[in-house]
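Residues take their numbers from the sequence shown, with the count starting at 1. As the structure is a computational prediction, the values presented were derived from the model and not from experiment.
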Amino acid sequence: MTDELDRLPDTEPVKDPGLPEHQYRPTDVDPAQEKRAERQISGMFAVAMLLLVGFCVAYIAIDKDQTFLGWSAMNLALGSTLGGAMLLMGVGIIQWAKKLMGDHEMVEMRHPSASSAEDRAAVLEDINAGVSESGFGRRPMIRNSLFGALGFLGLPAIIMLRDLGPLPNGTQRETVWKKGMRVVNDVSGTPIKPSDLQVGQLVNAEPAILFETDEEGEPLFHGTELLQAKSKAATIIVRMQPEDVTPSKGRENWGIDGILCYSKICTHVGCPISLYEQQTHHVLCPCHQSTFDLADNGRVIFGPAHRQLPQLPLALDSEGYIVAVSDFPEIVGPSYPELARDQKKLDNKS
């Protein structure tokens with residue numbers, strides 16, 4: 001400290017601020033204390049690695065409904081393991097800086113905001129000196145255990161990201177609609193006949209399979225699988241005067257006496273839509289105001305959406321109920337960069 005002060009210019013108003021003499025740390029003068037601190041810090045990093053592995057094990061092995069002392073066992077295990085790992089890594093790094101890295105006082109002079117080339121070179125020199133003083137080269141045990149703990153920190157992220165859902169594949173571009181599947185009310189599951197719909201009416205609908213059960217009386221779809229299927233297969237079915245409908249080429253027989261069926265999912269960012277204007281045949285997305293003309297093949301007439309609503313071709317079964325002719329020929333849901341590529345694959349499959 002004295003050497004630094006002696007180099008200060010004579011014009012400095014306070015050359016000696018009166019700081020006490022520098023006190024060396026035990027780890028600076030006692031090699032045994034230094035080794036002990038090194039082992040302690042490395043131990044913290046090693047325990048952090050074990051806790052991160054424990055996080056992954058708990059995430060996979062513990063049932064989400066299991067409890068411990070009235071608390072969610074999974075939340076308790078995940079919080080304690082991940083929190084403990086982060087705490088130990090933080091404490092270890094702090095201890096490393098306080099006990100083992102270089103410990104000396106420095107005087108920093110005021111300088112202009114724009115640094116000179118000499119200052120930049122000095123900073124780089126200081127950085128290199130700091131790297132040298134930190135002991136990365138001399139303390140492989142701490143360095144390697146820290147890198148190991150940082151590497152293990154990625155395991156929880158990998159586990160949680162992979163569990164967000166199935167990877168994109170062909171099934172993600174399709175819905176549960178099939179040829180001959182009845183269109184039913186989305187609340188009661190009641191099949192719909194043309195006589196049930198009045199001109200100007202809109203009904204929220206789903207495929208009948210979402211309400212069907214197996215031989216043991218259990219629903220074919222339940223839980224997350226049911227929610228995912230409903231979110232993609234949700235439709236709106238409307239009835240208008242047949243002369244108001246202007247179908248595009250190839251869609252002349254997709255409706256039944258003015259009854260048309262479209263996806264309920266907005267092609268902008270996937271919001272559910274059903275705000276219907278009877279006189280104009282427009283349906284509005286309440287979130288971002290994308291507006292679609294249902295009398296004109298679901299064409300976008302306003303808003304940020306750039307793709308028309310997918311339309312479901314309809315027919316009648318032997319009992320007079322409205323059924324789907326096929327799945328949606330277009331990809332249902334919000335638009336994304338690879339949409340044209342995936343739509344081409346879907347068309348080729350059809």
Original post:
Taking all atoms of both residues into account, what is the closest heavy-atom pair of Met141 and Ser42, and its distance?
Top reply: CG-OG, 3.2 Å
Original post:
Regarding His281 and Asp293, is there a side-chain donor-to-acceptor distance under 3.5 Å anywhere?
Top reply: no
Original post:
Between the main-chain N or O of Ala73 and the side-chain N or O of Thr67, is there a donor-acceptor pair closer than 3.5 Å?
Top reply: no
Subject >> Check ion pair Arg299-Asp296 (N to O, under 4.0 angstrom) >> reply: yes
Original post:
Rounded to the nearest 0.5 Å, what separation is found between the OG atom of Ser274 and the CG atom of Asp186?
Top reply: 9.0 Å
Subject >> Worked verdict on Lys178 versus Ser326 for side-chain contact (heavy atoms from CB on, under 4.5 Å) >> reply: CA-CA 5 Å; Lys178 302 294 181 184; Ser326 67; over 6 Å; no
Original post:
How far apart are the C-alpha atoms of Cys266 and Phe292, what are their side-chain angles, what is the distance that settles it, and do they pass the side-chain contact (heavy atoms from CB on, under 4.5 Å) test?
Top reply: CA-CA 9 Å; Cys266 179; Phe292 305 87; 3.9 Å; yes
Subject >> Atom of Gly270, atom of Pro334 and distance for their closest heavy-atom approach >> reply: N-CB, 3.5 Å
Original post:
If only atom types and distance count, is the side chain of Asp327 paired as donor or acceptor with the main-chain N or O of Glu174 below 3.5 Å?
Top reply: no
Original post:
Rounded to the nearest 0.5 Å, how far apart are NE2 of His288 and SG of Cys271?
Top reply: 5.0 Å
Original post:
Taking atom CZ of Arg39 and atom CD of Glu34, what is their separation to the nearest 0.5 Å?
Top reply: 11.0 Å
**OP:** Apply side-chain contact (heavy atoms from CB on, under 4.5 Å) to Leu52 and Leu82, showing your working.
**Re:** CA-CA 6 Å; Leu52 291 172; Leu82 184 60; 3.8 Å; yes
Subject >> Close side-chain approach of Cys285 to Pro272, heavy-atom, < 4.5 Å >> reply: no
Subject >> Shared hydrophobic cluster for Val47 and Ile142 (ILVMFWY, side-chain gaps under 4.5 Å) >> reply: no
**OP:** Starting from the C-alpha separation in whole Å, work towards a yes-or-no answer on salt bridge (Lys or Arg N to Asp or Glu O under 4.0 Å) for Arg139 and Glu133.
**Re:** CA-CA 10 Å; Arg139 306 184 190 281; Glu133 290 179 358; over 6 Å; no
Original post:
Quick one: CG on Leu88 to CE on Met49, what's the gap to the nearest 0.5 Å?
Top reply: 11.0 Å
Original post:
Is it true that atom CZ of Phe302 has more than 12 heavy atoms of other residues, nucleotides or ligands lying nearer than 6.0 Å?
Top reply: no
Original post:
Is the shortest heavy-atom distance from the side chain of Leu260 to the side chain of Leu314 under 4.5 Å?
Top reply: no
**OP:** Give me the one residue out of Val283, Thr280, Val245, Asp244 that meets side chain to side chain contact (heavy atoms under 4.5 Å, CB included) with Leu294.
**Re:** Val283
Original post:
Is there a donor-acceptor contact under 3.5 Å from the side chain of Thr81 to the main chain of Ala77?
Top reply: yes
Original post:
Would you say the side chain of Leu226 lies within less than 4.5 Å of the side chain of Lys230, judging by non-hydrogen atoms?
Top reply: yes
Original post:
Are Ile237 and Val325 joined in one hydrophobic group, where the rule is that I, L, V, M, F, W and Y side chains link up if heavy atoms are under 4.5 Å apart?
Top reply: no
**OP:** For the residue pair Lys345 and Glu338, establish whether any side-chain heavy-atom pair is separated by less than 4.5 Å.
**Re:** no
**OP:** Could you tell me which non-hydrogen atom of Met89 sits nearest to which non-hydrogen atom of Phe45, and how far apart they are?
**Re:** O-CE2, 3.6 Å
Original post:
Would you say the side-chain atoms of Asp28 pair up with the backbone N or O of Arg25, donor to acceptor, closer than 3.5 Å?
Top reply: yes
Original post:
Between the side chain of Thr175 and the main-chain N/O of Phe328, is any donor-acceptor distance below 3.5 Å?
Top reply: no
**OP:** Locate the shortest heavy-atom distance separating Leu51 from Gly84; write the atom from each residue and the value.
**Re:** CD1-C, 3.5 Å
Original post:
In terms of hydrophobic clusters joined by side-chain contacts under 4.5 Å, are Leu153 and Phe55 together?
Top reply: yes
Subject >> Spacing of CG belonging to Asp119 relative to CG belonging to Leu124, to within rounding of 0.5 Å >> reply: 11.0 Å
Original post:
For Lys99, which residues count as a side chain to side chain contact (heavy atoms under 4.5 Å, CB included) partner, sequence neighbours excluded?
Top reply: Thr27, Ala37, Gln40, Gln95
Subject >> Test item: Phe152 and Val53 side chains (from C-beta on) under 4.5 Å apart, heavy atoms >> reply: yes
**OP:** Check Ser263 against Ile236 and note the closest heavy-atom contact, atom names and distance.
**Re:** O-CG1, 4.2 Å
**OP:** Might you work through the side-chain contact (heavy atoms from CB on, under 4.5 Å) test for Gln289 and Leu284, ending with a clear yes or no?
**Re:** CA-CA 6 Å; Gln289 288 71 56; Leu284 173 71; 4.2 Å; yes
**OP:** Look at atom CD of Glu125 and say whether more than 12 heavy atoms of other residues, nucleotides or ligands are closer to it than 6.0 Å.
**Re:** no
Original post:
Quick one: does Arg341's side chain get under 4.5 Å of Lys344's, heavy atoms only?
Top reply: no
Subject >> Flag for Thr190-Asn185: side-chain donor and acceptor within less than 3.5 Å >> reply: no
**OP:** Without swapping roles, check the side chain of Ser80 against the backbone of Leu78 for a donor-acceptor pair under 3.5 Å.
**Re:** no
Original post:
Do we see a donor-acceptor contact under 3.5 Å between the side chains of Gln228 and Ser231?
Top reply: no
**OP:** Spell out, as yes or no, whether a donor-acceptor pair under 3.5 Å connects the side chain of Trp177 to the backbone of Ala233.
**Re:** yes
Original post:
Is the shortest distance from a Lys or Arg side-chain nitrogen in Arg182 or Glu212 to a carboxylate oxygen in the other one below 4.0 Å?
Top reply: no
Original post:
Can Leu146 be reached from Leu100 by stepping across I, L, V, M, F, W or Y side chains whose heavy atoms are under 4.5 Å apart?
Top reply: yes
Original post:
Does CD belonging to Gln23 count more than 12 external heavy atoms closer than 6.0 Å?
Top reply: no
Original post:
Would one find more than 12 heavy atoms of other residues, nucleotides or ligands at under 6.0 Å from atom CE of Met160?
Top reply: yes
**OP:** Would you check if Pro194 and Ile322 make a side-chain contact, meaning some heavy-atom pair closer than 4.5 Å?
**Re:** yes
Original post:
Do Asp257 and Arg239 meet the salt-bridge criterion of a basic N to acidic O distance under 4.0 Å?
Top reply: yes
Original post:
Do other residues, nucleotides or ligands put more than 12 heavy atoms under 6.0 Å from the CE atom of Met74?
Top reply: yes
**OP:** Using only heavy-atom distances, determine whether the side chains of Tyr24 and Asp103 contain a donor-acceptor pair under 3.5 Å.
**Re:** no
Original post:
Are Tyr276 and Val238 close enough that some pair of their side-chain heavy atoms sits under 4.5 Å apart?
Top reply: yes
**OP:** Look up atom OG1 in Thr235 and atom CG in Leu309, then write down how far apart they are to the nearest 0.5 Å.
**Re:** 11.5 Å
For residues 195-211, which side-chain N or O atoms pair as donor and acceptor with protein atoms under 3.5 Å away, sequence neighbours left out?
{"residue": "Asp196", "atom": "OD2", "partner": "Lys193", "partner atom": "N", "Å": "2.9"}
{"residue": "Gln201", "atom": "OE1", "partner": "Gln198", "partner atom": "N", "Å": "2.9"}
{"residue": "Asn204", "atom": "OD1", "partner": "Lys264", "partner atom": "NZ", "Å": "2.7"}

Subject >> N/O donor-acceptor pair under 3.5 Å between Ser290 side chain and Ala305 backbone >> reply: yes
Subject >> Shortest non-hydrogen contact from Ser335 toward Thr267 >> reply: OG-O, 2.8 Å
Original post:
Would you call Glu38-Arg143 a salt bridge at under 4.0 Å N-O?
Top reply: no
Original post:
In the single-linkage hydrophobic clustering (I, L, V, M, F, W, Y; side-chain heavy atoms under 4.5 Å), do Val57 and Met86 co-cluster?
Top reply: yes
